[in-house]
Amino acid sequence: MKNTELPAVEGGTPVRKNRLPFSPPYIDNREIESVVKVMESGWVTRGPVCEEFEKRLSEYTGSPYCLVLNSATAGLFLALKVVGVGEGDEVITTPYTFAATANSVIHCGARPVFADIERDSFCISPEEIKKKVGRKTKAIIPVHFGGRPAEIDEISKIADNYNLTVIEDAAHAIGAFYRGRKIGSGNNIAVFSFHAVKNLTTAEGGAIALKDESLFRLLKLYSLHGQSKDAFKKLQAGGWEYDIELPGYKFNMTDIQAAIGIEQLKKLDDNIKIRKRIANRYTDFFRSYSFIKVSSCEEYNECAWHLYPILIDFTDLKIDKKHLINAIWEEGISLNVHYKPVHMMSYYSKTFGYKPEDFPVSYRVYKEEVSLPIYPGMSDKDVDDVIIAFKKIFDYYYSR
Ligand SMILES: Cc1ncc(COP(=O)(O)O)c(C=O)c1O
């Protein structure tokens, strides 16, 4: 029986007085100056800076076409739409993700069909995908969880066999490598997020990377009302006339956001190295605890270390997950949980009748998972504090 009345270590002083945040953006004067420059330029919405950011993203990812947008959610939705996913179709995806992945399928009028994950990688299991392919399946959306690449070769093989499209939810994975290939450089459509907590942020934002020029043109058209010319192009041409070729959406990025993105992109690889160093320090520490499963990445891949999740077997701890998170909070450290699986969210369980145990690996991982702070702004002392706080809590609440 857990003593849930004891969230914090009694007595003594907390490890930190000033709380360590979970995932603040890593922004300095370079982003600030570039934003000011755009604001002074007389053009702040989509224009030349977005185009420059797209060019640099193409160079960085190795993908011939990149389209920047206001979010990855918009990117997932548009990608599904242009490959023809709609009413009556099914899309196989993971329940172990942020809701945006599955929501985008529903926005298209299609049904998300979940396939469980692999415990080691937190990513969708190719074997489970095979069990879910049916007559109505149109696409597969694997998620590169926390920057760990999903098994894309196997998933693409299944897709080829059944004539399905793969759209990679790479919201966490810019800068990651799958078997030596950068995420976004492959044959599938990949969608990145530049949300505030991501490895590369534009405050809010996202991008689609792909190889197919005609799909790129269609995506671009859909992303800005279906207009034949965007406002900047109209102005440049000195004209006012434009056509609406289809009823598009309003999903564009702004030049202010793109200016932030360009500066963030320049630092991305260095920042991933810092993230990796922090991950290694956590792994060295947690490895000595038999009840902890540390984060890992297949040796043939390179993780972008967006998240550092650990799995905790609570059997020998006197507190449960909720109280552990509270106890660490009382020590001045913020933790997070990635994720409460989507099939357990009330809309999904009510609409599709899912029970938590329907995806047993996801359910178990959810019960055991906590995510630790990992970001380039963390000092060595910050990392020490996280480790000290865990050691203090484990020493205090260990049963034997
Ligand atoms: C796995 C995953 N997919 C998609 C999204 C949606 O990203 P955005 O906030 O840019 O729409 C997120 C956002 O957190 C995410 O974590």
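Counting starts at 1 for both ligands and their atoms, following the listed order.
Counting the atoms of ligand 1 from 1 in the order shown, those under 4.0 Å from a heavy atom of G205 are 10 (O). Residue-ligand proximity, T101 to ligand 1, at heavy-atom distances under 4.0 Å covers atoms 3 (N). With ligand atoms numbered from 1 in the order given, ligand 1 contributes 1 (C) to contacts under 4.0 Å with heavy atoms of T97. Annotation for ligand 1: atoms under 4.0 Å from non-hydrogen atoms of Y339 are 16 (O). Close approach of ligand 1 to V143 (heavy-atom distance below 4.0 Å) involves ligand atoms 1 (C).
Here the side chain of T97 pairs no donor or acceptor atom with the backbone of T94 at under 3.5 angstrom.
Of all heavy-atom pairs spanning E54 and V68, the tightest one is OE2-N, 2.9 Å.
Taking atom 16 (O) of ligand 1 as the reference point, the nearest protein heavy-atom neighbour is H172 NE2, 2.8 Å. When hydrogens are left out, the protein atom nearest atom 4 (C) of ligand 1 is D169 OD2, 3.5 Å; that is the closest non-hydrogen contact. For atom 10 (O) of ligand 1, the nearest non-hydrogen atom of the protein is S193 OG, 2.7 Å. In terms of protein heavy atoms, atom 12 (C) of ligand 1 is closest to F98 CD2, 3.8 Å. Nearest non-hydrogen protein atom to atom 6 (C) of ligand 1 is T73 OG1, 3.5 Å.
Polar contact with ligand 1: absent for H195 (N/O pair, distance under 3.5 Å).
The cationic group of K367 lies under 6.0 Å from the six-membered ring centre of Y363 and within 45° of the ring axis, placing it in a cation-pi geometry. Both the sub-6.0 Å distance and the 45° axial angle are satisfied by K267 relative to the ring of Y26. Relative to the ring axis of Y60, K182 places its NZ or CZ within 45° and under 6.0 Å from the centre.
The side chain of A171, and not its backbone, has at least one atom closer than 4.0 Å to an atom of ligand 1 (non-hydrogen atoms only; side chain from C-beta on).
Under the 6.0 Å cut-off for aromatic ring centres, F291 and Y398 qualify, their centroids lying closer than that. The six-membered or imidazole ring of Y354 lies near that of F359, with a centre-to-centre distance under 6.0 Å.
With distances taken over non-hydrogen atoms, the option nearest atom 5 (C) of ligand 1 out of G146, A100, A102, A173 is A100. Across H144, E204, K198, heavy-atom proximity to atom 14 (O) of ligand 1 is greatest for K198.
The pair R181-D153 meets the salt-bridge criterion, with a side-chain N (NZ, NE, NH1 or NH2) lying under 4.0 Å from an Asp/Glu carboxylate O. Electrostatic pairing of E51 and R56 does not count as a salt bridge here, judged by no charged N lying under 4.0 Å from a carboxylate O. Comment: R364 engages E368 in a salt bridge, judged by a side-chain N to carboxylate O separation of less than 4.0 angstrom.
Using a non-hydrogen distance threshold of 4.0 Å, A74 does not register as a contact of ligand 1.
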